[in-house]
Amino acid sequence: ANSDDPPYFGGYINENYAALSEHLGFGPRELTELARNSFTASFAAETDIAAALELLDGYRHPDADAR
């Protein structure tokens with residue numbers, strides 16, 4: 001399940017990230033990388049991707065590696 005159609009698949013993005021953390025042991029570094037990949041692999045305009053990555057970097061957990 002992913003966030004493309006949360007009511008249908010039964011999973012919202014935050015719930016998916018929490019499940020990855022709880023069941024697979026993903027930490028801040030891995031979750032940040034997943035979020036980063038979701039933007040860089042999107043079909044959004046480069047300027048939108050850059051703005052999203054800048055916001056992501058601003059909210060990064062202190063334990064996540066700096067880029």
Inset, instruction - Could you grab the distance from atom CZ of F43 to atom CD1 of I49, nearest 0.5 Å is fine? - result: 10.0 Å
Inset, instruction - Taking all heavy atoms of R36 and all of L53, pick out the closest pair and write down the distance. - result: NH1-CD2, 3.6 Å
Inset, instruction - Would you confirm whether E15, through its side chain, and Y12, through its main-chain N or O, come within 3.5 Å as a donor-acceptor pair? - result: yes
Inset, instruction - Indicate yes or no: at least one non-hydrogen side-chain atom of L34 is less than 4.5 angstrom from one of L20. - result: yes
Legend entry - S42 side-chain N/O to F39 backbone N/O, donor-acceptor pair under 3.5 Å: yes
Inset, instruction - Kindly say whether Y17 contributes a backbone atom to a donor-acceptor pair with the side chain of S21 at under 3.5 angstrom? - result: no
